[in-house]
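Presented below is the structure to which this report refers.
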Protein chains: 2
Amino acid sequence: MNVNLKQLAEMLGLSQTTVSRALNGYPEVSAETRQRVLSAVRETGYRPNRAAQRLATGRAGSIGLVMPIAPGIDSDVHFGEFLAGLGEESVRHDFHFVINPSAPDDEEATFKRLAASGNVDALFLAYVRANDPRIAMLKSLSIPFVVHGRAIGQPADYPFLDIDNTAAFYDATRLLIQLGHRRIALINGPANLTFSIRRKKGLQRALEENGLSFDEDLSQHSLMTDEYGHRAMQRFLEREEPPTAVLCSSTVIALGAVRAINKAGLQIGTDISLIAHDDVLPMLKPENFSIPLTTTRSSLRAAGSRIATRLISRILKTGDYPEQELWRAELIVRASTGPAPKS
Amino acid sequence: MNVNLKQLAEMLGLSQTTVSRALNGYPEVSAETRQRVLSAVRETGYRPNRAAQRLATGRAGSIGLVMPIAPGIDSDVHFGEFLAGLGEESVRHDFHFVINPSAPDDEEATFKRLAASGNVDALFLAYVRANDPRIAMLKSLSIPFVVHGRAIGQPADYPFLDIDNTAAFYDATRLLIQLGHRRIALINGPANLTFSIRRKKGLQRALEENGLSFDEDLSQHSLMTDEYGHRAMQRFLEREEPPTAVLCSSTVIALGAVRAINKAGLQIGTDISLIAHDDVLPMLKPENFSIPLTTTRSSLRAAGSRIATRLISRILKTGDYPEQELWRAELIVRASTGPAPKS
DNA sequence: TAGCAAACTCAAAGCGCTTTGAATTTCGGG
DNA sequence: CCCGAAATTCAAAGCGCTTTGAGTTTGCTA
């Protein structure tokens with residue numbers, strides 16, 4: 001049914017070489033011949049077989065991701081948004097992704113398999129953990145890669161794109177301190193992920209620089225869902241001296257936190273201040289909360305798009321991009337922050 | 001650096017044939033030889049090149065998806081959850097996905113390209129539209145596929161998995177009617193998607209069967225985000241005779257609707273009843289809403305997993321699954337539904 | 001009109017694997 | 001101790017493409 005190069009060439013009375021060259025834009029084909037080839041392609045609906053192309057060139061036009069998955073593991077909203085960013089850029093260059101699901105304890109092996117399979121031209125790693133062994137492994141793999149995030153406790157000598165999480169939460173905390181807050185709580189992402197660690201550090205640093213002490217009990221780690229946000233906030237509010245302000249690592253967490261605050265009959269922005277990190281999820285905009293949320297903003301989608309750009313330029317050897325980028329999150333003040341209540 | 005089959009065979013003093021057979025579990029290899037081969041693989045870290053394998057066998061161990069994407073298009077939370085389901089099952093069979101981003105108006109061509117590329121063994125289609133031309137196209141493609149959802153206005157003579165959306169919203173509406181509600185609003189998904197159309201039909205049918213008329217003005221279509229849910233609900237509440245009950249096509253929509261209701265000073269479950277469709281997103285559980293939500297429930301993730309199962313069994317020609325499945329959503333009554341207020 | 005570079009086109013090799021059909025070895029029975 | 005069947009192993013072809021190195025035309029210049 002489907003035509004292949006050989007048949008196409010035969011139909012045209014040309015050699016495979018010429019047809020291939022005509023298609024791939026080589027200069028040594030006469031304009032007339034190229035036209036003939038192109039219109040034959042249109043008529044027959046010829047599409048080159050990617051596997052063969054891949055085998056011949058060593059390039060596949062694809063980016064590989066490993067998706068940790070297991071019956072118990074929840075999907076992460078943020079993943080979809082990131083993917084959208086990757087896709088947005090990839091589609092321009094006719095690239096695709098190969099997503100390899102993997103049991104969480106088998107991720108390294110999956111990466112290796114993916115790289116060796118020849119199915120992908122580049123790899124991408126996210127959800128970086130503190131001293132992440134996967135990075136060293138990627139470096140050993142001789143295939144381009146970009147890390148979204150950065151490890152901690154090992155030299156940053158690999159290509160990455162990260163946001164300055166420490167600075168983001170440092171700034172947020174400073175704002176709260178300026179408003180008079182003293183007890184500032186944190187509902188963070190999972191404890192082993194570096195962005196969580198850095199955000200906590202940002203909070204801690206700002207507190208200490210202002211002569212305040214960091215209270216470990218006011219810091220919670222959890223999955224970034226509504227439910228956990230709610231639970232954590234509830235627990236904070238049950239304390240003898242509840243915090244007067246809270247930082248949330250995601251607007252999804254904030255959702256639950258806001259609910260807990262409302263339930264407790266407190267008013268956001270006056271009784272308690274809240275700042276969330278905003279990944280710019282289209283599903284959930286901080287400005288649409290009943291009390292619009294003050295946020296540290298950095299678009300996850302933009303990050304995805306940028307990483308695709310860099311990866312693709314590496315593969316195609318076009319353009320020249322910095323190997324390491326640290327984006328600054330914007331602090332956007334809305335109504336959820338206000339002066340600390342007099343106590 | 002990486003070994004290939006030829007080198008491996010050379011090292012072992014065997015032919016490529018034998019090594020290949022040993023690896024792929026063919027019976028005509030002596031147990032001893034097989035052991036030698038396997039341990040050599042372990043030592044060298046040999047991984048077969050998938051592109052070559054693909055070229056030789058015609059199979060790749062992959063499922064192809066087309067992801068519509070463009071700078072303006074929002075990512076959909078539901079997509080990630082579905083992917084998790086697909087992944088959960090795929091990982092068991094060492095399958096992967098090839099995701100091809102595509103401009104929305106180029107989807108058909110992208111499907112064709114994907115199928116012809118030889119990169120995938122099966123295709124998957126979601127977000128079915130009313131009279132979706134993509135289905136006819138898939139049928140013409142001679143590659144297995146499963147549709148998540150069903151078209152309307154064309155024979156259902158293709159493999160699909162869908163939930164009975166009509167029945168779900170019919171049941172939900174009946175419950176509301178039994179509770180005395182007469183003005184029931186609907187905040188639905190995009191107007192061109194078949195699940196939206198069917199849900200509306202369910203509502204309509206239940207109303208008419210009970211001698212109530214369907215009011216087109218009480219039905220809104222929108223993207224399934226918090227923001228649109230909020231906006232739609234707000235508009236409903238501004239009417240002279242606001243509805244006493246509302247159906248939401250997603251818990252994400254419900255989120256915004258609840259907010260609008262609260263803002264209007266109304267009490268959910270007494271002043272106004274709400275039923276949402278629950279895709280079982282881990283991020284947002286209906287039982288955790290401040291007033292737990294009555295829902296029609298059907299796990300999107302389970303659907304993804306099931307579709308992967310069917311697709312893979314088709315590819316591998318193992319097992320035998322029904323070609324068409326219509327799942328029933330469960331109606332789960334919680335606190336957000338109550339008797340209609342006396343007016 | 002010969003001669004030469006430039007412009008085209010081609011045949012064939014090779015990417016790494018599977019699989020066919022044939023060759024070789026092993027083994028039990030006569 | 002030979003023979004045919006069963007058990008192993010192998011060489012080579014082929015999957016569909018790119019690319020090298022060489023061959024053929026064409027268009028000018030001298």
Side-chain angles (χ1 to χ4, degrees), chain A residues 1-38 40-41 44-62 94 113 115-121 315-316, chain B residues 1-38 40-41 44-62 94 113-121 316:
Chain A
M1 179 72 243
N2 277 333
V3 216
N4 63 21
L5 187 64
K6 192 173 172 185
Q7 296 164 342
L8 191 68
E10 225 156 66
M11 290 170 56
L12 286 162
L14 289 170
S15 73
Q16 296 189 42
T17 312
T18 305
V19 177
S20 170
R21 288 200 159 136
L23 288 173
N24 294 309
Y26 281 72
E28 56 270 78
V29 177
S30 70
E32 187 207 0
T33 306
R34 173 159 295 146
Q35 280 317 313
R36 276 184 58 216
V37 170
L38 288 176
V41 166
T44 58
Y46 166 77
R47 307 278 176 203
N49 178 309
R50 285 275 192 174
Q53 227 166 12
R54 166 83 198 166
L55 194 55
T57 59
R59 263 176 298 101
S62 67
D94 197 22
R113 217 175 313 142
S117 78
N119 248 335
V120 300
D121 300 320
I315 297 167
L316 266 30
Chain B
M1 181 72 244
N2 278 333
V3 218
N4 62 22
L5 187 64
K6 191 173 174 183
Q7 296 164 343
L8 192 67
E10 223 156 67
M11 290 170 57
L12 285 162
L14 289 170
S15 73
Q16 296 189 40
T17 312
T18 305
V19 177
S20 169
R21 289 204 159 133
L23 288 173
N24 294 310
Y26 282 71
E28 56 269 78
V29 177
S30 71
E32 187 207 0
T33 306
R34 173 159 295 147
Q35 281 316 312
R36 277 183 58 217
V37 171
L38 287 176
V41 165
T44 57
Y46 166 77
R47 307 276 177 203
N49 178 308
R50 286 274 194 173
Q53 229 167 10
R54 166 84 200 165
L55 194 55
T57 60
R59 263 176 297 101
S62 66
D94 197 22
R113 216 176 310 143
L114 196 52
S117 78
N119 249 334
V120 300
D121 299 321
L316 266 31

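So you know, we letter chains A, B, ... as the sequences are listed, proteins then strands, and number each from 1.
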Next item on the list: Spell out, as yes or no, whether a donor-acceptor pair under 3.5 Å connects the side chain of T57(A) to the backbone of Q53(A).
Entry: yes
Item checked: Donor-acceptor contact below 3.5 Å, side chain N4(A) vs main chain K6(A) -> yes
Check: Starting at CG of L14(B) and ending at P of dT25(C), how long is that distance when rounded to a whole Å?
Finding: 15 Å
Notebook entry, point to check: Roughly how many Å is it from CD in Q35(A) to P in dC8(C), rounded to a whole number?
Noted result: 14 Å
Item checked: Backbone N/O of Q16(A) and side chain of S20(A): donor-acceptor pair under 3.5 Å -> no
For nucleotides 17-21 of chain D, list the nitrogen or oxygen atoms of the protein found under 3.5 Å from its nitrogen or oxygen atoms, one pair per line.
residue: dC17(D); atom: OP1; partner: Y46(A); partner atom: OH; Å: 2.8
residue: dC17(D); atom: OP1; partner: N49(A); partner atom: N; Å: 3.1
residue: dC17(D); atom: OP2; partner: L5(A); partner atom: N; Å: 2.3
residue: dT18(D); atom: OP1; partner: N24(A); partner atom: ND2; Å: 3.1
residue: dT18(D); atom: OP1; partner: Q53(A); partner atom: NE2; Å: 3.2
residue: dT18(D); atom: OP2; partner: S20(A); partner atom: OG; Å: 2.7
residue: dT19(D); atom: OP2; partner: Y26(A); partner atom: OH; Å: 2.6
residue: dT19(D); atom: O4; partner: T17(A); partner atom: OG1; Å: 3.2

Note to self: If we ignore hydrogens and angles and just use 3.5 Å, is the side chain of Q35(B) paired with the main-chain N or O of E32(B) as donor and acceptor?
What the structure shows: no
Check: Roughly how many Å is it from CG in L12(B) to C1' in dT8(D), rounded to a whole number?
Finding: 16 Å
Note to self: Is it the case that the side chain of R34(B) and the backbone of A22(B) share a donor-acceptor pair, with hydrogens and angles ignored and the cut-off at 3.5 Å?
What the structure shows: yes
Notebook entry, point to check: Roughly, in whole Å, what's the span from CD in E28(B) to P in dT26(C)?
Noted result: 18 Å
Check: Are R50(A) and D94(A) within salt-bridge range, i.e. N to O under 4.0 Å?
Finding: yes
Check: Quick one: L55(A) CG to dC15(C) C1', roughly how many Å, whole number?
Finding: 4 Å
